[in-house]
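Shown next, in structure tokens, is the structure this report addresses.
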Amino acid sequence: MGGVGLFSLPSSSSSPPRLSSSVSLCGAVVAVVLVLISNGPAVCDGGKTSTFVRKVEKTIDMPLDSDVFRVPPGYNAPQQVHITQGDLVGKAVIVSWVTAQEPGSSVVLYWSNNSKQKKVAKGKFQTYKFYNYTSGYIHHCTIRNLEFNTKYYYVVGLGHTIRKFWFMTPPAVGPDVPYTFGLIGDLGQSFDSNKTLTHYERNPRKGQTLLFMGDLSYADNYPNHDNVRWDTWGRFIERSAAYQPWIWTAGNHELDFAPQIGETKPFKPYTNRYHVPYKASNSTSPFWYSIKRASAYIIVLASYSAYGKYTPQYKWLEEEFPKVNRTETPWLIVIMHSPWYNSYNYHYMEGETMRVMFEPWFVQYKVDVVFAGHVHAYERSERVSNIAYNIVNGQCTPVNDQSAPVYITIGDGGNLEGLANNMTEPQPSYSAYREASFGHAIFDIKNRTHAYYSWHRNQDGYAVEADSLWFYNRYWHPVDDSTSV
Ligand SMILES: *[C@@H]1O[C@H](CO)[C@@H](O)[C@H](O)[C@H]1NC(C)=O
Ligand SMILES: *[C@@H]1O[C@H](CO)[C@@H](O)[C@H](O)[C@H]1NC(C)=O
Ligand SMILES: *[C@@H]1O[C@H](CO)[C@@H](O)[C@H](O)[C@H]1NC(C)=O
Ligand SMILES: *[C@@H]1O[C@H](CO)[C@@H](O)[C@H](O)[C@H]1NC(C)=O
Ligand SMILES: *[C@@H]1O[C@H](CO)[C@@H](O)[C@H](O)[C@H]1NC(C)=O
Ligand SMILES: *[C@@H]1O[C@H](CO)[C@@H](O)[C@H](O)[C@H]1NC(C)=O
Ligand SMILES: *[C@@H]1O[C@H](CO)[C@@H](O)[C@H](O)[C@H]1NC(C)=O
Ligand SMILES: [Fe+2]
């Protein structure tokens, strides 16, 4: 890419004009060079580093008595209600909730807005222990054979305190179905997390399903991984996750591997609390799986499960990519926790081993976009690949590649660990835009060729886009959609 990346258009134009760092200086040089010549100084050949600098405030978890953690009233009332897709195509939903006093009923009563005839689905409950914590009764119930594009009401807590919710099923899988995905990663349960979720809920673009890039509760930052913080997190997100599916990815904060207190089974709290439909895509593990939803094919990968050659995840993905039929689902989206392209000085190159294994497939099968979390900031790449290297040829620099995905890091949900604000300098040419702010994003699929993507930093009004891009589908409309001229 070299000097190409220099000419980033300020698509992300809402940054306040504040000159405060060497980065801004670089921007000034860019402006001058733009006017004069068409070749930039090698030292600042990257995309845009936002000049927006967030006021440095400590990120603090909401206290246990916060309104968002309130236990719903009533004996044995269901709490932490959340839903996710329950099959391959969106005709099933997994409903999950927790009861505290006694198991109660695992039945979900549901009916569609159209028929009003009530139906019953029977689930199961489970409990687990973690050090000296004992969980409540965790219920999971899959509702099947739903109609597409229909509003359903559902009730849980039968026999004790009942609570009623609703959700919309997606339209049938098909190439030109518009659909809107929200994107949040590394959320946690701080005051900033609450702002991120509030902004997502109030975004007029209205995400219909949330893709979650891993690192949920951050309970593991508490003494003995205090699992009470898994419960508070479940209550916090209920106001969104009970009404629209959250599609789960496992992050490092889901590992809960703590041999010092005898907890040696990784992912114990996560797998007990969050079920995913992995068997529907012939996966053998809940950490990697795929779903189709409307016009999208979504592949969820596991940064913390083996992915080397011959491993179950490797073999699954090898068989998975050829199944993607872009005539049926034009948009191929991959989500994972640890990013492959990350120019922050946090988790630098942690995604490298997986990139080496899988990137050639991503280019071969023309993945449209990859969303990752882990780094607590925001970054969007140009379409680049780095697959030419073969140990001896020295070709180990990312190059512009129109068959490659755009890589977006969106680990900026707002957890208690705070912002990642230390960036590698100069900004590498593959990095189109980066900013150390909390926020969320929306991927708004219009049809088989166009999707509108926008990232919203928390400091602005709900509707303000700090970064945005028209995505052109790599299969149907593979023209250059980069923000560089
Ligand atoms: C619910 O049903 C009513 C009448 O049956 C219909 O007018 C309305 O559009 C439906 N709402 C949704 C969200 O499906
Ligand atoms: C678990 O142990 C910690 C200290 O080891 C203690 O502070 C806490 O109260 C205990 N929790 C329960 C539920 O027993
Ligand atoms: C969280 O956000 C909601 C919605 O904006 C608000 O009602 C609530 O008071 C907030 N809670 C905390 C603890 O910030
Ligand atoms: C899963 O495997 C079964 C048996 O090989 C096959 O019939 C089915 O089509 C596969 N499903 C998917 C989604 O690949
Ligand atoms: C791909 O999907 C289209 C539309 O559903 C269908 O007509 C076609 O047969 C599928 N192709 C393959 C190879 O399955
Ligand atoms: C930023 O990260 C670099 C590389 O890890 C380190 O050398 C430097 O001290 C850090 N800067 C600050 C301000 O923390
Ligand atoms: C697809 O959506 C884009 C953006 O809304 C629009 O410009 C284009 O005309 C649409 N294509 C078709 C075939 O409708
Ligand atoms: Fe992480």
Side-chain angles (χ1 to χ4, degrees), residues 20-26 46 49 53-59 83 88-91 93 110-119 143 146-154 164-180 206-209 242-245 281-282 290-299 319-332 339 342-352 364-366 368 374-377 379 409 411 417-428 431 434-436 445 447-449 473-476:
S20 59
S21 64
S22 59
V23 177
S24 313
L25 257 180
C26 177
T49 296
V53 179
R54 183 177 178 269
K55 190 153 57 94
V56 181
E57 291 163 335
K58 208 167 153 32
T59 309
I83 61 171
L88 193 63
V89 297
K91 283 170 78 81
V93 166
Y110 65 99
W111 61 96
S112 84
N113 179 42
N114 305 327
S115 85
K116 318 277 190 230
Q117 187 204 338
K118 293 194 167 57
K119 291 185 180 163
I143 315 176
L146 301 171
E147 299 291 326
F148 284 120
N149 212 15
T150 301
K151 184 172 187 173
Y152 282 88
Y153 296 94
Y154 69 99
K164 181 177 160 188
F165 305 87
W166 56 264
F167 58 79
M168 279 294 296
T169 50
V173 172
D176 291 302
V177 202
Y179 204 74
T180 307
K206 289 276 166 261
Q208 293 168 284
T209 289
Y243 299 93
Q244 64 169 242
S281 54
N282 285 350
S290 64
I291 58 167
K292 302 179 197 180
R293 199 164 178 90
S295 41
Y297 198 106
I298 296 156
I299 296 180
E319 290 178 17
E320 189 62 13
F321 273 125
K323 289 182 192 165
V324 182
N325 178 347
R326 302 295 271 274
T327 303
E328 188 190 31
T329 50
W331 294 93
L332 179 51
N342 155 40
S343 72
Y344 287 81
N345 277 320
Y346 298 82
H347 304 305
Y348 191 64
M349 291 181 77
E350 282 181 19
E352 196 64 4
Q364 181 186 346
Y365 293 101
K366 299 187 177 2
D368 289 293
H374 203 34
V375 178
H376 302 158
E379 184 163 25
T409 303
E417 292 177 353
L419 271 176
N421 54 8
N422 183 344
M423 304 171 186
T424 65
E425 302 292 354
Q427 182 170 13
S431 171
R434 57 185 188 174
E435 179 179 324
I445 297 173
N447 52 37
R448 73 179 70 189
T449 54
N473 187 275
R474 287 305 92 186
Y475 182 85
W476 290 102

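When a ligand or atom number is given, it counts from 1 through the structure's own listing order.
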* To do: Give a yes or no on whether atom 9 (O) of ligand 6 lies under 4.0 Å from any heavy atom of the protein.
  => no

* Structure fact -> When rounded to the nearest 0.5 Å, the distance separating OG1 of Thr59 from CG of Leu419 is 6.0 Å

* For atom 4 (C) of ligand 5, find the nearest protein heavy atom and state the residue, atom name and distance (0.1 Å precision). => Thr327 CG2, 4.0 Å

* Under 4.0 Å from any heavy atom of Asn422, which atoms of ligand 6 are there? -> 1 (C), 2 (O), 3 (C), 8 (C), 10 (C), 11 (N), 12 (C), 14 (O)

* Asked: Ion pair present between Arg434 and Glu425, side-chain N to carboxylate O less than 4.0 angstrom?
  -> yes

* Asked: Looking at atom 14 (O) of ligand 1, is any protein heavy atom nearer than 4.0 Å to it?
  -> yes

* **Glu328 (side chain) donor-acceptor with Gly174 (main chain) under 3.5 angstrom** => no

* Structure fact -> Value for CE (Met168) from OH (Tyr152), rounded to nearest 0.5 Å, stands at 10.0 Å

* **Closest protein heavy atom to atom 11 (N) of ligand 1, given as residue, atom name and distance to 0.1 Å** => Asn113 ND2, 2.6 Å

* Closest protein heavy atom to atom 1 (C) of ligand 5, given as residue, atom name and distance to 0.1 Å -> Asn325 ND2, 1.4 Å

* Asked: Under the 3.5 angstrom rule, does the side chain of Trp331 hit a backbone N or O of Ile298 as a donor-acceptor pair?
  -> no

